[in-house]
Amino acid sequence: MFDYETLKLIWWGVIIVLMLGFALTGGFDLGVATLLPWVGRNDDERRVAINTVGPTWEGNQTWLVTFGGALFAAWPLVYAAAFSVLYVALIFTLFALFLRPVGFDFRSKLADPRWRSFWDWGLFVGGVFPSLVFGVAVGNLFVGLPFRYDEVLRVSYSGSFLDLFNVFGVFCGVLSVSMLTLHGAAFLYLRSDGAVARRARLATVIFGLATAVLFGAGGVLLGGMSGLHLASAGGDLNGVVLPLQKTVARNAGGWFGNFVAQPQLWLVPLATLLAALACAVSAALGRRWLALLASSLTVTGIIATAAIALFPFVLPSSIDPTSSLTLWDAVSSRKTLAIMLVMAAIFVPLIMLYTSWVYRVMRGTVTIERIHTDTHSY
């Protein structure tokens with residue numbers, strides 16, 4: 001079995017993979033819901049958009065649930081601190097997500113246009129608000145969250161909910177909405193036809209360009225911010241390291257430290273920028289599968305760029321840099337990580353296989369004729 005240091009690194013990778021799993025699959029749902037009021041000009045067109053993601057959206061939430069469970073088990077200190085500091089934001093997000101199951105299931109129960117319009121806007125809120133909050137949360141990792149540990153590792157917090165909506169946090173929220181809307185637009189363009197596909201194609205071009213511009217601007221903003229640098233981990237990485245044992249320095253442009261130390265890592269944000277532009281160009285040329293592939297690479301690249309920039313930090317503190325949590329000192333015991341790795345090695349591939357099988361079964365273009373003849377459609 002792997003040593004403790006290696007297990008810590010592996011679980012950092014597993015957490016990122018689970019995050020990507022939700023962004024790449026749940027991103028379809030959030031993006032399509034965000035576009036719903038605009039790509040569907042009548043009830044039939046909105047039903048087409050809903051039915052592109054309707055059969056699979058619940059299974060996609062598996063990634064989010066698994067991510068939360070893995071975060072709790074592998075990084076308990078991160079789970080406790082993050083879910084406390086971000087409590088209000090996460091509660092609002094949870095209530096926004098509540099609109100999704102009831103929206104999908106109840107929308108078509110009545111033919112009343114007002115009833116259906118209400119749930120259409122409910123699905124929109126359930127798409128755009130979580131996308132925004134997820135981005136704001138990631139943006140605040142670079143700004144830092146207002147928490148600190150005392151000498152017996154009791155955590156305390158300061159600040160308020162509104163403090164999360166700082167300039168960079170909101171900017172990252174807008175980037176997140178643009179990124180996931182792009183992903184949803186590319187998926188909708190692939191799965192639909194007629195007027196819905198034409199509008200989804202235009203949305204893919206617009207949000208592909210917008211995501212590229214926002215991602216590039218985000219790099220400029222991040223370069224002008226101070227970032228954290230782990231000067232000393234405070235102990236043997238192959239053993240138990242307590243959070244307050246390390247030495248953390250704050251430097252101008254510090255979040256680019258890993259890219260400066262390993263210049264080849266610049267290929268990741270460069271490829272991400274090109275992928276966003278390629279997505280827009282592919283949609284403009286009518287290359288549906290290529291547009292979806294490019295949007296998937298864009299989502300992957302943006303998340304990977306953020307992870308590389310933060311490494312090894314996973315939850316930085318804005319009021320006490322030493323209290324910032326890293327992948328070295330926020331983890332569970334070696335035995336816990338080892339047992340969980342065996343479970344992950346079994347069940348994550350099963351989730352991937354099941355997800356692939358479901359998408360294969362539900363493949364094909366969703367048309368107005370299809371939703372009228374299929375009695376199981378939304």
Side-chain angles (χ1 to χ4, degrees), residues 8 12 15 19 68 71-72 74-93 132-176 218-235 237 240-260 305-332:
K8 294 175 183 179
W12 177 82
I15 295 294
M19 186 184 298
L71 193 66
F72 171 75
W75 291 346
L77 293 180
V78 173
Y79 183 92
F83 277 71
S84 296
V85 177
L86 301 173
Y87 182 79
V88 176
L90 292 173
I91 285 295
F92 278 120
T93 304
L132 177 69
V133 172
F134 292 152
V136 169
V138 173
N140 273 276
L141 294 183
F142 292 99
V143 175
L145 294 173
F147 72 94
R148 63 158 46 93
Y149 287 100
D150 63 16
E151 64 278 1
V152 292
L153 294 185
R154 289 178 301 190
V155 65
S156 59
Y157 318 97
S158 62
S160 67
F161 168 67
L162 294 178
D163 291 337
L164 298 175
F165 292 89
N166 51 73
V167 173
F168 190 73
V170 172
F171 177 87
C172 289
V174 173
L175 172 59
S176 175
V220 175
L221 290 175
L222 192 62
M225 295 169 54
S226 61
L228 301 184
H229 168 68
L230 186 63
S232 170
L237 298 182
V240 176
V241 180
L242 297 178
L244 298 182
Q245 292 178 333
K246 61 181 174 290
T247 303
V248 179
R250 183 176 289 277
N251 304 320
W255 293 124
F256 284 167
N258 291 327
F259 294 99
V260 173
T305 299
I308 293 170
L310 286 167
F311 184 89
F313 293 95
V314 292
L315 196 68
S317 170
S318 60
I319 58 177
D320 180 24
T322 304
S323 294
S324 300
L325 298 175
T326 71
L327 66 95
W328 309 120
D329 56 31
V331 296
S332 296

Worksheet entry | Evaluation steps, side-chain contact (heavy atoms from CB on, under 4.5 Å), between L315 and W75 | CA-CA 10 Å; L315 196 68; W75 291 346; over 6 Å; no

Item to complete: Apply side-chain contact (heavy atoms from CB on, under 4.5 Å) to S156 and D150, showing your working.
Response: CA-CA 8 Å; S156 59; D150 63 16; over 6 Å; no

Item to complete: Output, in order, the C-alpha distance, side-chain angles, deciding distance and verdict of side-chain contact (heavy atoms from CB on, under 4.5 Å) for F92 and V133.
Response: CA-CA 9 Å; F92 278 120; V133 172; 5.9 Å; no

Worksheet item: Going through the checks in order, is the side-chain contact (heavy atoms from CB on, under 4.5 Å) test met by W328 and W12?
Response: CA-CA 10 Å; W328 309 120; W12 177 82; over 6 Å; no

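N251 contributes atom CG, which lies 8.5 Å from atom OG of S226 (distance to the nearest 0.5 angstrom). Taken to the nearest 0.5 Å, the CG atom of L86 stands 9.0 Å off from the OG1 atom of T93. Interatomic distance, H229 NE2 to N258 CG, rounded to the nearest 0.5 Å: 9.5 Å. Distance CE/M225 to CZ/R250: 8.5 Å, rounded to 0.5 Å.
Counting only heavy atoms from C-beta outward, the side chains of F256 and L222 approach each other to under 4.5 Å. Within the 4.5 Å cutoff, no side-chain heavy atoms of V240 are placed close to those of Q245. In this structure the side chain of T326 reaches within 4.5 angstrom of the side chain of D329, judged on heavy atoms. Within the 4.5 Å cutoff, the side chain of L145 has no heavy atoms near those of the P316 side chain. L244 has its side chain within reach of S323: a pair of non-hydrogen atoms, C-beta onward, lies under 4.5 Å apart. Inter-residue side-chain proximity for F171 and N166 is flagged as unmet; no heavy-atom pair is nearer than 4.5 Å. Inter-residue side-chain proximity for T322 and T247 is flagged as unmet; no heavy-atom pair is nearer than 4.5 Å. A heavy-atom distance below 4.5 Å is not found between the side chains of L221 and F142.
The two residues L153 and L242 make their nearest non-hydrogen contact at CD1-CD2, 4.4 Å. G235 and V241 get closest at one heavy-atom pair: C-CG2, 4.3 Å. Across all their heavy atoms, P76 and A330 have their closest contact at CD-O, 3.5 Å. Across all their heavy atoms, C172 and G139 have their closest contact at SG-CA, 3.6 Å. The two atoms that bring L230 and P312 nearest to each other are CD2-CG, 3.7 Å, heavy atoms only. Counting all heavy atoms, side chain and backbone alike, P146 lies closest to V85 at CD-CG1, 3.9 Å.
In this structure a side-chain-to-backbone donor-acceptor pair under 3.5 Å is missing from K8 to L327. Listed for the S84 side chain is a donor-acceptor partner under 3.5 Å among the backbone atoms of A80. A distance-only check finds a donor-acceptor pair linking the side chain of S324 to the backbone of S317 [under 3.5 Å].
For OH of Y157, the number of neighbouring non-hydrogen atoms (other residues, nucleotides, ligands) closer than 6.0 Å is greater than 12.
Looking at N140, V88, V170 one by one, the single match for side chain to side chain contact (heavy atoms under 4.5 Å, CB included) with L164 turns out to be N140.
Between Y79 and F83, the two ring planes are parallel [angle under 30°; tilted spans 30° to 60°].
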